[in-house]
Amino acid sequence: MAEYYWLLVSSALVFMMQAGFLCLESGRIRSKNSINVAAKNISDFIISTTLFWLFGFGVMFGDSVSGLFGVSDFFFNDQHTPWEISFFLFQMMFCGTAATLTSGAVAERMTFIGYLAITVVLSAIIYPIVGHWAWSGVYPSEGPQGWLEALGFIDFAGSTVVHSVGGWVALAAIIIIGPRMGRFEEGIRLPPGNNLPLSALGTLLIWFGWIGFNGGSTLALNDDVPVIILNTFISAAWGALIAAGINYFRDGYIEVGFVLNGTIAGLVGITASCHVVSPGASVIIGAVSGVVVYFGSVLMERWRLDDALDVVPAHLFAGIWGTLSVALFGQTDKIDNGLGFLEQLGVQALGIVVIGFYCFVVGYACMWC
């Protein structure tokens, strides 16, 4: 059991993040819409879990066709080893996390059925394909590694593969659906939320779940796990500290939303590189994540893009920064893939651009149709 029990524990921790997102989103929107948001959160996890079992896992980790997609391990069953089943459960939780991000961005202005349709698209044809490009080599199967992974692209636990993917789809949805009534009308200010203590609880649950999100991505309880968790917590704390500090010095007060989103941005930012950076670098990564989420929120408002929970700044923008941080702060001896600094930075940028283009175009086209 020793070889896979950490994966099972981590799966449970990542599942806890679903409760965190439900609390965070339900508390940050108006009370009249809280039931709708909660229903979307639990429903998207049910849909993503079903699709991931049917064929998502096979596309993501099955026998590879030219490093583009997998073609085996559909209808995942008990003929696999206990470690493989544990790995499947862990990855199922990741798929659910990617799927739930769009819910917060489009809160209060999307039909229930329409939202489920987006979840189907993301869980079926966006997340598994992108995951195969970057991660297929971590699971034993026939064929080459995913093509991005083969080039040396590193995204340890999903700054781009999970969070930016969800962020790109959320951005596409925001653009197509448009803002809430009165969102950008002069003299009208929508309330920041109906239950901010519930949102704060949700953020803490997400933070707690991130122990499994990052720590579990080692796929075994080894000597790397303690420093990964340390880096994760340091980055989250500095993300919140800097976002709240900028908010105070620019606006004269601290808005709780920036504390919550700064925490999440710090978590997202460190997720790609937490296994190859030092705690000192984690401070910088988290601090810059706090800057990114604050000014990202300002830009979204200036562009008149109505992101109800600032999902795009916290997950997409911070995810991009986190993925670049692998090259900027990663220790060469830990990365150990033969690439120099500029080569690694180029591969990281390539991964961001290609994954972003694929997610946005497919998501936008499907939603437009």
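Looking at heavy atoms from C-beta onward, L350 lies out of side-chain contact with F153 at the 4.5 angstrom threshold. Two residues are said to be in side-chain contact when any heavy atoms from C-beta on lie closer than 4.5 Å; E255 and Y253 meet this criterion. By the 4.5 Å heavy-atom criterion applied to side chains, S103 and E25 are counted as neighbours. Residues S66 and W147 fail the side-chain proximity criterion, which asks for heavy atoms closer than 4.5 Å. For the pair I264/L24, a side-chain contact is recorded, criterion being any heavy-atom separation below 4.5 Å from C-beta on. Within the 4.5 Å cutoff, the side chain of I335 has heavy atoms near those of the I154 side chain. Between I125 and C366, the closest side-chain pair of non-hydrogen atoms falls below 4.5 Å. Proximity of F341 to T332: side-chain heavy atoms (C-beta onward) are nowhere separated by under 4.5 Å.
Between A240 and T263 the shortest heavy-atom distance is CB-OG1, 3.2 Å. Residues P313 and S297 share a closest heavy-atom pair of CG-N, 3.7 Å. G166 and T102 make their closest contact through O-OG1, 3.9 Å (heavy atoms, listed as atom of the first residue, atom of the second, distance). For I285 against F329, the heavy-atom pair with the smallest separation is CG1-CD1, 3.8 Å. When all heavy atoms of W83 and V138 are compared, the pair lying nearest together is CH2-O, 4.2 Å. Contact record, V293 with A243: CG1-CB, 4.0 Å, taken as the closest heavy-atom pair.
Side-chain atoms of S64 and Q145 include no donor-acceptor pair closer than 3.5 Å. Side-chain N/O atoms of T323 and T160 include a donor and acceptor closer than 3.5 Å. Using modelled atom types, one finds a donor on one side chain and an acceptor on the other under 3.5 Å when comparing N231 with S282.
Between atom NZ of residue K40 and atom OG of residue S26 there is a gap of 11.0 Å, rounded to the nearest 0.5 Å. Atoms CZ and SG, from F88 and C95 in turn, are 9.5 Å apart once rounded to the nearest 0.5 Å. Within the model, atoms CG of D307 and NE2 of H315 stand 9.0 Å from one another, a figure rounded to the nearest 0.5 Å.
Of the possible polar contacts, one joining the E149 side chain to the G137 backbone as a donor-acceptor pair under 3.5 Å is found. A donor-acceptor contact shorter than 3.5 Å is absent between the side chain of D63 and the backbone of V71. A donor-acceptor contact shorter than 3.5 Å is absent between the side chain of R28 and the backbone of L196. Without hydrogens or angle criteria, N195 side chain to L198 main chain gives a donor-acceptor distance under 3.5 Å. Formation of a donor-acceptor pair under 3.5 Å by the W133 side chain with backbone atoms of L68 is found in this model. Using modelled atom types, one side-chain atom of N337 and one backbone atom of L339 make a donor-acceptor pair closer than 3.5 Å. When atom types are taken as modelled, the side chain of S164 and the backbone of G167 share no donor-acceptor pair closer than 3.5 angstrom. The backbone N or O of A272 sits less than 3.5 Å from a side-chain atom of S159, completing a donor-acceptor pair.
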### Message
Show, in sequence, the C-alpha distance, side-chain angles and deciding distance for S273 and S325, and conclude whether the side chain to side chain donor-acceptor pair (under 3.5 Å) test is met.
### Response
CA-CA 7 Å; S273 62; S325 297; 5.4 Å; no

### Task
Test F75 against F55 for ring pair (Phe, Tyr, Trp, His ring centres under 6.0 Å), laying out the working first.
CA-CA 6 Å; F75 300 97; F55 57 85; 8.4 Å; no

### Task
Decide side chain to side chain donor-acceptor pair (under 3.5 Å) for D44 and T100; before the verdict, give the C-alpha distance in whole Å, the side-chain angles of both, and the deciding distance to 0.1 Å.
CA-CA 6 Å; D44 67 42; T100 203; 3.2 Å; yes

### Message
Please determine whether side chain to side chain contact (heavy atoms under 4.5 Å, CB included) holds for the pair S34 and I29, giving the CA-CA distance in whole Å, both sets of side-chain angles, and the decisive distance to 0.1 Å.
### Response
CA-CA 7 Å; S34 60; I29 50 87; 4.0 Å; yes

#### Entry: Derivation and outcome, side chain to side chain contact (heavy atoms under 4.5 Å, CB included), residues Y4 and E84
CA-CA 9 Å; Y4 59 84; E84 290 171 340; over 6 Å; no

### Query
How far apart are the C-alpha atoms of V277 and K334, what are their side-chain angles, what is the distance that settles it, and do they pass the side chain to side chain contact (heavy atoms under 4.5 Å, CB included) test?
CA-CA 8 Å; V277 299; K334 290 185 177 180; over 6 Å; no

### Message
Would F213 and H163 count as a ring pair (Phe, Tyr, Trp, His ring centres under 6.0 Å) here? Give the steps.
### Response
CA-CA 12 Å; F213 200 88; H163 296 280; 5.3 Å; yes

### Task
Given ring pair (Phe, Tyr, Trp, His ring centres under 6.0 Å), test F15 with F45 step by step and report yes or no.
CA-CA 10 Å; F15 179 65; F45 185 77; 5.3 Å; yes

### Message
Does M110 form a side chain to side chain contact (heavy atoms under 4.5 Å, CB included) with I118? I'd like the steps, not just the answer.
### Response
CA-CA 11 Å; M110 191 172 196; I118 289 182; 2.8 Å; yes

### Query
Yes or no on side chain to side chain donor-acceptor pair (under 3.5 Å) for Q18 and N41, after CA distance, side-chain angles and deciding distance?
CA-CA 8 Å; Q18 293 293 325; N41 268 271; over 6 Å; no

### Message
I'd like to know whether Q348 forms a side chain to side chain donor-acceptor pair (under 3.5 Å) with D155, so could you lay out the CA-CA distance, the side-chain angles of the two residues, the decisive distance to 0.1 Å, and finally the verdict.
### Response
CA-CA 9 Å; Q348 297 301 108; D155 185 7; over 6 Å; no

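Within a 6.0 Å radius of OH in Y358, more than 12 heavy atoms belonging to other residues, nucleotides or ligands are found. Surrounding CG of N222 are more than 12 heavy atoms belonging to other residues, nucleotides or ligands, all under 6.0 Å away. More than 12 heavy atoms of other residues, nucleotides or ligands shown are found within 6.0 angstrom of CD on Q331. Counted within 6.0 Å of CE on M367, heavy atoms from surrounding residues, nucleotides or ligands total more than 12; the atom is thus considered enclosed.
Looking at residues two or more places apart in sequence or on another chain, you find a side-chain hydrogen bond (donor to acceptor under 3.5 Å, both in side chains) between N214 and W210, T232, T271.
For the pairing with F360, the side chain to side chain contact (heavy atoms under 4.5 Å, CB included) check across L316, I355, I175 returns one residue only, I175. Looking at F61, W135, F76 one by one, the single match for ring pair (Phe, Tyr, Trp, His ring centres under 6.0 Å) with F87 turns out to be F61.
The same ILVMFWY cluster, assembled from side-chain heavy atoms under 4.5 Å apart, contains both V120 and I113. Hydrophobic cluster membership differs between L22 and L101, with clusters built from Ile, Leu, Val, Met, Phe, Trp and Tyr side chains linked at under 4.5 angstrom. Residues L171 and F21 share a single hydrophobic cluster, defined by chaining ILVMFWY side chains whose heavy atoms lie under 4.5 Å apart.
In the hydrophobic clustering (ILVMFWY side chains linked at under 4.5 Å, chained through shared members), V298 is joined by L230, I234, W238, L241, I242, I246, F258, V283, V291, Y294, F295.
Under the 6.0 Å cut-off for aromatic ring centres, H275 and F156 qualify, their centroids lying closer than that. The ring of W168 has its center no closer than 6.0 angstrom to the ring center of F357.
Below 30°, between 30° and 60°, or above 60°: for F52 and Y127 the angle between ring planes is between 30° and 60°, a tilted geometry.
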